[in-house]
Amino acid sequence: MNRLTTPWGDVTLARFPEDPRDPLRAWDASDEYLLRHLGESGTPLSGTVAVVGDRWGALTVSLAAHGTVPAASLVQITDSFLGQQATRAALARNGAGDAAVRLLSARDTPPARVDVLLVRVPKSLALLEDQLHRLAPAVHAGTVVAGTGMVGEIHTSTLKLFERIIGPTKTSLAVKKARLIFCTPDPSLARVPGPWPLRYALPDGIGVLSGRTVTNHAGIFCADRLDIGTRFFLGALPERRGPERVVDLGCGNGVIGTAAALGNPEASVVFVDESYSAVASAEATYRDNVTSGGKADFVVGDGLARMPDGSVDLVLSNPPFHSHRATTDATARRMFGDARRALRPGGELWVVGNRHLGYHLRLRRLFGGCEVMASDPKFVVLRAVKR
Ligand SMILES: C[S@@+](CC[C@H](N)C(=O)[O-])C[C@H]1O[C@@H](n2cnc3c(N)ncnc32)[C@H](O)[C@@H]1O
């Protein structure tokens, strides 16, 4: 848990799920920079204040906890279930409560009018593009638009997006490797529809999915092409028959679960992801391709947290990996532990991963063994059976 000092008082924040051993803070210098700027510049925080892309709730909670923005005027828009849960927990912890903020996902309809738009620049330029397109109709000539991000996250292309969709844009000096973006809305800019979601036909030679169409909302994993690890996994999926419950864990655009459904029409497939846009993409991919008979559920959530013990026959996963090793290991490890709990005895977890990630060591320790089902110089597909 970390304490952040803001111009209006301190707030206590934590990532979600909370882990006392987690060395990573729930905010960074870009959150601090924007909050300090808002406090020192006396920016009027009235009307509807929309906070977009807040990572772990630092911006939203700081504005809500001390009544800086009145309840019902503050809206948070995020694509991340984990970020939303962190915000919810921090609102309660800091005495603000759920009613202080309207929590919307990136797929919800945005507010009709926005008077202050605060943007924590996301890692994905596509997600920023989509969010600005969705919010542009709500922005008016008097809307205050301010963005923030770490220097490495703000590129010329980022500023060009603001210029093209909202209006003239400039940046601040860098402070502690963070930078602010100031944008003046230009109501005369032509409103053109955003390019997302992107739908494309999958290549040939990937089994049941060959030539089929996949839907990708902005910002999801590998939104513009089939990931090479996913492709390798598709060629190594188990052939199964009969009624069973399958989970596509961290489903992204849903290609893995859709392949499982097409391969075994009696299976019931649960698609799970912490990204709202991923789950919406998976649902579209599934519905376009499994047109008769199949049964599927689409769940936005944290891994298998809501799945009862011993209720699943097969878990298929291409777990998340990020450049930050601590994050990589923590999420994949949690997913493997979750899978073991949710599988019935005899149930199987199939995982694809880069060789260097060493998933086999983790799975061996957790399941008492694991088998290599396919491998090439870059990837391995591993199978672990719950005993
Ligand atoms: C490497 S991508 C794989 C996506 C897709 N299955 C594929 O192969 O193209 C990992 C996915 O895990 C999701 N993810 C990350 N953390 C998660 C969590 N705690 N619970 C559920 N999904 C999560 C990410 O949003 C991402 O879509």
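Just so you know, these numbers use all the heavy atoms, side chains as well, and skip hydrogens, waters and symmetry mates. One-based numbering, in listed order, for ligands and for the atoms of each.
Residue contact annotation: D273 has a non-hydrogen atom under 4.0 Å from ligand 1. Not a single heavy atom of C222 sits under 4.0 Å from any atom of ligand 1. Between G254 and ligand 1 there is no heavy-atom distance shorter than 4.0 Å. In this structure, G301 has a heavy atom closer than 4.0 Å to ligand 1.
With a heavy-atom cut-off of 4.0 Å, I220 does not touch ligand 1 at all. Residue contacts with ligand 1 for S317 are absent, since no atom lies close enough (heavy atoms, distance under 4.0 Å).
Electrostatic pairing of R240 and E348 counts as a salt bridge here, judged by a charged N lying under 4.0 Å from a carboxylate O.
For N94 (side chain) and A96 (main-chain N/O), no donor-acceptor pair under 3.5 Å exists by modelled atom type. Put simply, the side chain of N253 never gets that close to the backbone of N216: no donor and acceptor are under 3.5 Å apart. Within the 3.5 Å criterion, the main-chain N or O of P137 finds no donor-acceptor partner in the side chain of R113.
Below 4.0 Å from some heavy atom of I256 lie the following atoms of ligand 1, by number and element: 6 (N), 8 (O). Annotation for ligand 1: atoms under 4.0 Å from non-hydrogen atoms of R334 are 19 (N). Numbered from 1 in the order shown, with element, the atoms of ligand 1 that lie under 4.0 Å from a heavy atom of G252 read 4 (C), 5 (C), 27 (O).
A donor-acceptor contact closer than 3.5 angstrom links the side chains of T87 and Q76. Between N318 and T230, the side chains place a donor N or O and an acceptor N or O closer than 3.5 Å (distance only, hydrogens not considered).
Between G250 and ligand 1, an N or O atom pair is found at a separation short of 3.5 Å. Between N318 and ligand 1, an N or O atom pair is found at a separation short of 3.5 Å. In terms of polar-atom proximity, M335 is not counted as a contact of ligand 1, lacking any N or O under 3.5 Å from an N or O of the ligand. In terms of polar-atom proximity, defined here as any N/O pair under 3.5 Å, T331 makes no such contact with ligand 1. Residue D227 has no N or O atom closer than 3.5 Å to an N or O atom of ligand 1.
Exactly one of R341, R340, R344 qualifies for a side-chain hydrogen bond (donor to acceptor under 3.5 Å, both in side chains) with D309. That residue is R341.
H356 and F379 have their aromatic ring centers separated by at least 6.0 angstrom. Aromatic rings of Y286 and F298 (six-membered ring for Trp) have centroids within the 6.0 Å cut-off, being under it.
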